[in-house]
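Worksheet for the structure shown next.
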Amino acid sequence: MWRLQNLGSSEARKLDIAFQGISSQIRKKEGSSWFRVVLGPYKLKRDAERDKHKLQRAKIEPCAIWKEAQ
């Protein structure tokens with residue numbers, strides 16, 4: 001997940017991620033000016049870690065893994 005302040009930067013990050021063969025979504029929290037680029041959901045943490053390391057090798061950082069509230 002990445003927090004970015006404008007939609008253009010968020011779309012550019014989403015495109016960088018897509019070039020690595022990983023899909024993502026852009027989300028905006030109501031009442032906030034920040035956008036999040038989110039991957040997943042993943043069934044296994046191992047799968048999330050694999051994609052995180054793939055993005056790190058491509059110099060797409062920082063990336064955080066969050067457990068979504070049920």
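Just so it is clear, the values below take in all heavy atoms, side chains as well, and ignore hydrogens, waters and symmetry mates.
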Q | Least distance between heavy atoms, Glu61 atom then Arg13 atom | A | O-NH1, 3.5 Å
Q. For the atom pair NZ (Lys29) and CZ (Phe35), what is the distance rounded to the nearest 0.5 Å?
A. 14.5 Å
**Q.** Value rounded to 0.5 Å, distance of OG in Ser10 from CZ in Arg36
**A.** 11.5 Å
Compile the donor-acceptor pairs under 3.5 Å between side chains in residues 17-27 and protein atoms, sequence neighbours left out, one pair per line.
none

Give the table of side-chain donor-acceptor pairs shorter than 3.5 Å for residues 37-48, with sequence neighbours excluded, one pair per line with atom names and distance.
{"residue": "Tyr42", "atom": "OH", "partner": "Asp51", "partner atom": "OD2", "Å": "2.5"}
{"residue": "Asp47", "atom": "OD1", "partner": "Arg50", "partner atom": "NH1", "Å": "3.2"}

Q. Can you check whether Lys52 reaches Ile65 side chain to side chain, under 4.5 Å on heavy atoms?
A. yes
Q.
What's the separation between atom CD in Glu49 and atom SG in Cys63, rounded to the nearest 0.5 Å?
A. 8.5 Å
Q: Output all residues satisfying side chain to side chain contact (heavy atoms under 4.5 Å, CB included) with Asn6, sequence neighbours left out; order by chain, then residue number.
A: Ser9
